[in-house]
Amino acid sequence: MLVLKDVCKTFNRGSANEKVALQGVNLNVQDGDFITVIGGNGAGKSTMLNMISGAFPLDSGLIKIGGENVTNQPEHIRAKRIGRVFQDPMKGTAGDMWIEENLAIAMRRGKKRGLKWGVTKEERELYKKLLAPFDLGLEDRLQTKVSLLSGGQRQALTLLMATIQKPDLLLLDEHTAALDPKTAAKVLAMTDELIKENKLTAIMVTHNMKDAIKYGNRLIMMMNGKIIYDVSGEEKSNLKVSDLLKKFEISTGEEFANDRMMLV
Amino acid sequence: MELLASIMKNLPDAISLGLVWGIMAIGVYITFKVLDIADMTVDGTFALGGCMVAATVAAGWNPVLSSLLAILCGMVAGFVTGILHTKLKIPAILAGILTMLSLYSVNLMILGGKSNIGMSQFGEQSVETIPDKIAALFGISAKVTNVSIGLILAIVIIMGLYWFFGTEQGCLIRATGINEAMVKAQGGNTDSMKIVGLIIANGFVALSGALVAQIQRYGDVGMGTGTIVIGLASIIIGEVIFGTKGSFKIRIASVFFGSIIYRVIIAVVLLLGFNPNNLKLLTAVLVIAALSVPVVREHISEKKRINANMKKYEEVDTNVGA
């Protein structure tokens with residue numbers, strides 16, 4: 001489904017701020033995989049997702065989606081098969097537009113956009129039906145500006161927008177990190193449900209080890225721009241947070257001291 | 001009382017000029033408000049429209065054809081700025097300034113090296129403009145004609161833009177001005193959206209220039225100076241009166257109203273004996289004042305809030321001391 005071969009990326013090459021983000025990442029994602037990605041700050045988790053989505057060009061390596069080489073494909077072309085939810089709830093929606101207008105734009109991902117009316121009546125009914133299970137009251141507020149919604153509501157909307165046209169690949173970049181714990185749990189549960197229901201292939205970056213273990217069928221740990229641990233199936237479901245911490249200590253040879261990852 | 005009478009006498013002119021210049025302000029609205037780009041091209045495009053019409057009409061062209069050509073030229077100018085900005089990554093303001101500067105030479109070329117060309121109404125060299133043709137067709141006065149042309153075009157443009165920005169393409173252009181990351185993630189080409197927006201906007205500006213030239217009966221290479229500021233002034237005056245919360249149709253209409261009121265203000269200050277040479281300064285001051293109102297208001301309310309809070313703590317402090 002998704003293949004990453006020896007993907008490398010260095011930011012600000014040749015300057016004092018040079019930052020090696022990815023050094024030879026290899027990953028082979030099967031159809032239907034739900035992969036959780038953990039790792040400390042600057043491990044390259046977000047950069048990896050940005051390389052896959054095409055937000056930045058890579059320095060070297062190869063990326064294939066569904067057998068097609070997309071290494072040089074611009075972001076908006078790749079978006080036809082990729083659904084994305086960002087960490088920042090503001091980033092996934094157009095605040096000054098209505099809920100239904102945002103959904104209508106997402107509804108036409110990968111389709112030709114012409115001079116037909118932007119939101120049709122039948123669509124509205126569909127949106128109401130799809131928003132209702134979120135239990136946020138959004139189904140009655142289709143003509144409300146998105147900027148009036150809370151972060152959790154916006155993130156739920158972004159999640160629906162990323163999956164309303166079934167994507168080949170769903171990329172979730174710490175999409176619950178900016179939410180309060182209760183909302184985060186709710187959005188995460190909805191994410192899991194959507195992925196299972198639509199049998200989506202997904203990659204989810206998270207800082208929460210418990211979540212990384214609880215969700216998905218495969219877990220990878222990244223450090224210094226490399227994948228240092230890749231586990232799936234039964235071995236993954238039997239994982240404990242202490243196992244992950246131990247793994248981390250072995251790879252670094254030092255105590256695990258990232259405060260954000262300790263919050264498990 | 002005398003002043004009021006002269007204002008009333010000048011009102012039809014202010015309305016027709018306001019409506020025709022309002023078409024230009026609509027162009028500025030599309031780039032500045034919808035796309036969030038300050039497009040300086042318009043100073044050049046406005047003159048481009050005027051010069052194109054003056055040169056071709058004076059050469060005996062049908063004025064309708066001339067105006068259509070002017071619109072097309074304006075769209076090309078918008079396209080050039082769009083390419084400079086999106087493909088060559090030149091900052092939007094600079095891209096617009098570069099196109100505007102080039103247009104100055106282009107406009108001189110169009111005028112055959114002269115700085116202006118007239119479209120005479122009388123004598124051997126007399127030519128017909130669109131208002132002339134319409135006035136003759138319906139047997140109405142020039143004043144009535146100009147107001148009707150402005151009014152009809154304004155209504156057509158308001159309806160047309162309401163339709164366009166409600167379509168799939170139009171929605172994507174609006175989203176591009178609000179959140180580019182979202183549009184890209186949803187498979188939209190933000191570069192194309194900006195280019196399309198700039199093309200449409202500059203088409204409107206050129207049409208406005210073409211009509212203004214026909215009404216004043218000459219095209220001048222310098223007629224575009226400060227156009228963008230006049231456009232901004234019209235938008236801001238409209239916003240002050242009609243607010244920013246209304247529907248898209250109302251907001252577009254308020255631009256035309258803003259443009260008319262701007263013309264009325266200009267007419268009034270001229271009647272009061274204001275030196276016309278200082279008009280541009282007045283326009284700039286008007287825009288600065290309007291833009292600074294929200295900033296100053298915010299600053300004052302912030303100070304008030306902090307001071308009120310401070311007082312509360314001071315009181316607590318004294319209580320403890322006592």
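A, B, ... follow the sequence lines: proteins, then strands. Residue 1 opens every chain.
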*Residue pair A:Thr120 / A:Glu123, side-chain donor-acceptor N/O under 3.5 Å*: yes

*Highest number of heavy-atom pairs under 4.5 Å with chain B: which of A:Ile82, A:Leu171, A:Asp96?*
A:Asp96

*Does a donor on one side chain sit under 3.5 Å from an acceptor on the other, for A:Asp173 and A:Asn50?*
no

*Which one, B:Ala185, B:Ala181, B:Gly188, leads in non-hydrogen pairs under 4.5 Å with chain A?*
B:Ala185

*Does A:Ile105 reach the side chain of A:Met97, with side-chain heavy atoms less than 4.5 Å apart?*
yes

*Under 4.5 Å from a heavy atom of chain B, the part of A:Ile77 involved*: neither

*Find the one option among A:Lys145, A:Lys80, A:Lys111, A:Lys91 whose heavy-atom pairs under 4.5 Å with chain B are most numerous.*
A:Lys91

*A:Thr93, part contacting chain B, at a heavy-atom distance under 4.5 Å*: backbone

*Using a cut-off of under 4.5 Å for heavy-atom pairs, which of B:Ala175, B:Cys171, B:Gly166 has the most such pairs with chain A?*
B:Gly166

*Any side-chain heavy-atom pair from A:Ile63 and A:Val3 closer than 4.5 angstrom?*
no

*asked:* Taking every non-hydrogen pair under 4.5 Å, which of A:Met90, A:Glu101, A:Arg81 racks up the most with chain B?
replied: A:Glu101

*Options B:Thr167, B:Thr176, B:Leu172, ranked by heavy-atom pairs under 4.5 Å with chain A, top entry*: B:Thr167

*Output yes when a side-chain donor or acceptor of A:Lys166 lies under 3.5 Å from a complementary backbone atom of A:Asn198, and no otherwise.*
yes

*Under a 4.5 Å heavy-atom cut-off, does chain B meet the side chain of A:Ala106, its backbone, both or neither?*
both

*Name the region of A:Lys112, side chain, backbone, both or neither, that has any atom closer than 4.5 Å to a heavy atom of chain B.*
backbone

*If the plane angle is over 60° it's perpendicular, under 30° parallel, otherwise tilted; pick one for A:Phe34 and A:Tyr215.*
tilted

_Residue B:Phe164 versus chain A: region with a heavy atom under 4.5 Å_ = side chain

_To the nearest 0.5 Å, what is the distance between CD on A:Gln165 and CD on B:Gln186?_
9.5 Å

_Leading residue by heavy atom contact count with chain B [cutoff under 4.5 Å; candidates A:Ala79, A:Gly83, A:Gly114]_ = A:Gly114

*asked:* Is it the case that the side chain of B:Ser208 and the backbone of B:Phe204 share a donor-acceptor pair, with hydrogens and angles ignored and the cut-off at 3.5 Å?
replied: no

